[in-house]
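Just below is one structure, and these are the notes that go with it.
Side chains are part of it too, since the values below use all heavy atoms of this structure and drop only hydrogens, waters and symmetry mates. We're numbering straight along the sequence, starting at 1.
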Amino acid sequence: MLLSFALRSVRSRPRSWIVGLLAAGMATVLTLGVAFVESIHGGTRRSLIESGTGHLQVYNATSAEPPQMVLMGNGGAPEMPPLPDYPSLEALLRSVEGVQEVVPLEMGLATVFRGNYLDDKLAAVRAVAREPASEAREARLKLLAEDLARTLQRVARDAKRREEAFASDAQSQEEQRALEVATSEAFWARFPADPLPALEFLDNQVAKQVGEGETLFLDLLGTDLPRFAGAFPRFELVTGQLPPPGQRGVLLGHGAYEQYFKLPIAFRLDELKRERDRGATFAGDERLRTEVERNLAELPALVARLDVERASALKDVLARLLGHAGELEALLAELLKLDDGNFDERYQLFYRELAPHLPLYRLHPGDTLALKNDLAVPVRVWGTYRFRGLGGDFSHVNTINLVDLVTARHLAGRQTRAQKEEAEKLIASFGMAGAAEDLSTTAFGRPKIVDEAVVAPGGASAPVVERAEGPAPGFSEEELKSGSILHAALVLKPEASPEAIAERIQQLAGERKLPVKTASWEEVGGFLSGVVGMTQVLLVVLGSLLGFFVLLVSAGTLLLLARERVGEVGTMRAVGMQRREVFLGLLLEGLLLGVVGSAVGIGLGAALLRFGAGEGISVRDEMLQFFLGGPVMHLRLEAGHALAVGLGVVAVVLGAALVPAWRGSSVAPIVAMRRSED
């Protein structure tokens, strides 16, 4: 009877439909909002888990904070004590049902020095000098050596002017003597016979005087590289190869490789291409015009970097493309003066015709890179990698560089077990008390590079520089496993529950009294998971404000309707209907409006998601791709979320109906009938 009463009331009073429409609007907005926020949450979760974070991280419980897999700025990773007896702990973790892979990790930072134009020219001459002897090699070496000698003459003239302008000290006098040697006839007379020691001298004593070099900060992730590549499905090599087992090395994040080691002019052209693909134009965007001006301003530096072979080839190509001869710098400026009409054609020309003659990258797979932290460690660059579909080269995750664990420990200055035992034996042999636990690989001082020969003005022979030996290029399995591990990522099987496995690991750690804790992907995601949390908070705030608005307007509407129905209520009370039944009947009207309105709203929201974003929304901004889990954003409505939205909307409408129902049912029959008569 009450339901029939409520249905008749709703049908006969169209004004009450306002409440239903408000409920439908709220349900539609919340349905879309929940799908959007859940898409961000799910996308970021997948991105972090599949790019090195794993489902769980295991770390030493005595750490002040959990590990951070996303380092922002140059603050570095938090200080963490190593995991106790990692080989035994790894076996224990693998025994837990649901654990698919355990990957040791260690976040860190290192610096590298990016050389100047003289370094580039020395590298070109060195490459030719190392080729097998032949007439062609001798001719090329002679040509490059003459160009290098002319460059050094200019360096010497600049250095002399600086010396005249500033007070001389012992260091500047030493540098001046090195330049005098490098520009002497005797030096270049001996060069063809033994070029490599001479190039070493120029590299160590002269190149630094040119300046322009730059120290770069690289984010490092120390790990077992083959295991890491196999554990995370989005990992893909872009260039080069994985290091063979037992070999030191680094895989550069392809984003870092493009940003730090690519020719700046080419990198800016790529950026212009991306901006134009997004719809920007030179005519309408000052940033694009500024980038073109920056490229033109850097042409003198580019020309200075080119050796004579590259410069000649480039000049011929430009003369052919532009249809006239000229100086190299002027020809380059003419080609790189870009606008909306010529950009696409000249971008293609740059990579097809000019790039083969340019030092497009300062570093290539197979080169050695000196990483420096507590120690400087030369390691081979085996290639570049990225995480597929996670923001291209501008995503932070694709600028993290992977290095083998043994090198990571060296960079951090930590001892391996063998080194610790050796140090303890050494301390014991000296009769000293105490343990070697606190010693690091730098405890006895840093290695020194000592010049074997002293540079003499006008020296008749090329000085020889003794090189300090770095760590061995390879390592044993024992050395890899016996060293300390700061934390490890757990990759779980698809059906496994991270919460249940974390609880099981804590239980096992408690039974064995191991100081081990677990952290979820949200805890180690740092800034990125914090951004996701903020979107969820914003959704709650939006939902609360929207619910408050619907509550007020619905309550006002229902209250007005209740006042208009005083006579009707009085009549019903007079014929025997109890106050409680009137209250429930009016409340049932609100419930009916809320249920129908929320159902319509959820249906409308689901239809918009289905037909508006059924195949997903393309995400062109590479910075957003990481948050959304890839280049396509899939908006889906889960049944649980739809139920939560429906219950929430109905609760709001029921709350709005409480006061009108109470006011309407509290009127005495006689009073109601009198009002009706009035």
Closest heavy-atom contact between Val128 and Arg140? CG2-NH2, 3.6 Å
Over all atoms of both residues, closest heavy-atom pair of Gly525 and Leu48: CA-CD1, 3.9 Å
Using ring centroids (six-membered ring only for Trp), state whether Tyr385 and Phe235 fall under 6.0 Å. yes
State the CG-CD distance between Leu336 and Glu293, to the nearest 0.5 angstrom. 11.5 Å
Is Glu131 salt-bridged to Arg137, cutoff N-O under 4.0 Å? no
Treating Arg409 as the side-chain partner and Ser484 as the backbone partner, does any N or O pair qualify as donor plus acceptor under 3.5 Å? yes
Hey, are Ser63 and Asn60 close enough side-chain-wise for a donor-acceptor pair under 3.5 Å? no
Under 3.5 Å, is there a donor-acceptor pair linking the side chains of Thr368 and Arg380? no
Closest non-hydrogen atom pair between Leu199 and Arg126, with its separation: CD1-CA, 3.6 Å
Strictly distance-based, threshold 3.5 Å: is any side-chain N or O of Asn398 a donor or acceptor partner for the main-chain N or O of His254? no
Exam field: side chain Asn373 to backbone Leu109, donor-acceptor pair closer than 3.5 Å: yes
Close side-chain approach of Phe232 to Ile49, heavy-atom, < 4.5 Å: no
Residues that Asp270 engages under salt bridge (Lys or Arg N to Asp or Glu O under 4.0 Å), provided they are two or more places apart: Lys262
What pair of heavy atoms forms the shortest contact from Leu390 to Ser47, and how long is it? CD2-OG, 3.2 Å
State, yes or no, whether a side-chain contact exists between Leu306 and Pro359 at a heavy-atom distance under 4.5 Å. yes
Go through Val102 and Tyr86 one step at a time and tell me if the side chain to side chain contact (heavy atoms under 4.5 Å, CB included) criterion holds. CA-CA 11 Å; Val102 182; Tyr86 181 73; 3.5 Å; yes
Do the non-hydrogen side-chain atoms of Phe350 and Leu358 ever get within less than 4.5 Å of each other? yes
Presence of salt bridge, Arg268 and Glu298, under 4.0 angstrom: yes
Pairwise side-chain contact, Arg248 with His410, heavy-atom cut-off 4.5 Å (strictly under): yes
Determine whether Gln259 and Thr399 satisfy the following criterion, side chain to side chain contact (heavy atoms under 4.5 Å, CB included), listing intermediate values before the conclusion. CA-CA 9 Å; Gln259 293 178 42; Thr399 63; 3.7 Å; yes
Asp404 (side chain) donor-acceptor with Gly249 (main chain) under 3.5 angstrom: yes
Interatomic distance, Phe267 atom CZ to Phe261 atom CZ [nearest 0.5 angstrom]: 13.0 Å
When you look at Leu411 and Leu220, which way does the side chain to side chain contact (heavy atoms under 4.5 Å, CB included) test go after all the steps? CA-CA 10 Å; Leu411 288 169; Leu220 293 181; 3.5 Å; yes
Residues passing the salt bridge (Lys or Arg N to Asp or Glu O under 4.0 Å) test with Glu65, sequence neighbours excluded, are none
So, Gln57 side chain and Thr53 main chain: donor-acceptor pair closer than 3.5 Å or not? yes
Mind checking whether Leu486 and Pro67 have side chains closer than 4.5 Å, heavy atoms only? no
Check the pair Leu89, Val516 against side chain to side chain contact (heavy atoms under 4.5 Å, CB included), reporting the backbone distance first and the verdict last. CA-CA 9 Å; Leu89 177 62; Val516 170; 4.1 Å; yes
Looking at Gly253, is its backbone amide N or carbonyl O close enough to the side chain of Asn401 to form a donor-acceptor pair, meaning the two atoms are under 3.5 Å apart? yes
Applying salt bridge (Lys or Arg N to Asp or Glu O under 4.0 Å), can you list everything that pairs with Glu275, at least two apart in sequence or on another chain? Arg278, Arg287
Phe191 side chain near Val125 side chain, heavy-atom distance below 4.5 Å: yes
Does the Thr111 side chain pair with the main chain of Thr215, one donor and one acceptor, at a distance under 3.5 Å? no
In this structure, NE2 of His487 is separated from CG of Leu56 (nearest 0.5 Å) by 14.0 Å
Using the salt bridge (charged side-chain N to carboxylate O under 4.0 Å, His left out) rule, take Glu258 and Arg274 through it: C-alpha gap first, then chi angles, then the decisive distance, then the call. CA-CA 14 Å; Glu258 290 287 309; Arg274 283 189 288 270; over 6 Å; no
Just verifying a value: how many Å separate Asp203 CG and Leu196 CG, rounded to the nearest 0.5 Å? 11.5 Å
Distance under 6.0 Å and angle within 45° of ring axis: Arg190 vs Trp188: no
Note: Pro300 and Glu329 closest approach over all heavy atoms is CG-OE2, 3.4 Å
Rounding to 0.5 Å, atoms CG (Asp85) and CD1 (Ile485) come to a distance of 11.5 Å
Please check this pair: side chain of Tyr257 against backbone of Leu363, looking for a donor-acceptor N/O pair closer than 3.5 Å. yes
Flag the pair Asn295 / Leu269 as yes when at least one side-chain heavy-atom distance between them is below 4.5 Å, and no otherwise. yes
Working to the nearest 0.5 Å, report the span between CH2 of Trp521 and OG of Ser51. 11.0 Å
Can you find a heavy atom in the side chain of Phe228 that is under 4.5 Å from one in the side chain of Leu105? yes
With no hydrogens and no angle check, is any side-chain donor or acceptor of Trp382 less than 3.5 Å from a backbone partner on Leu252? no
Under a 3.5 Å distance rule, please check whether Thr407 uses its side chain to pair with a backbone N or O of Val403 as donor and acceptor. no
Should the pair Arg294-Glu291 be classified as a salt bridge under the 4.0 Å nitrogen-to-oxygen rule? yes
Nearest heavy-atom pair of Tyr351 and Ala266: which atoms, and what distance? OH-O, 3.5 Å
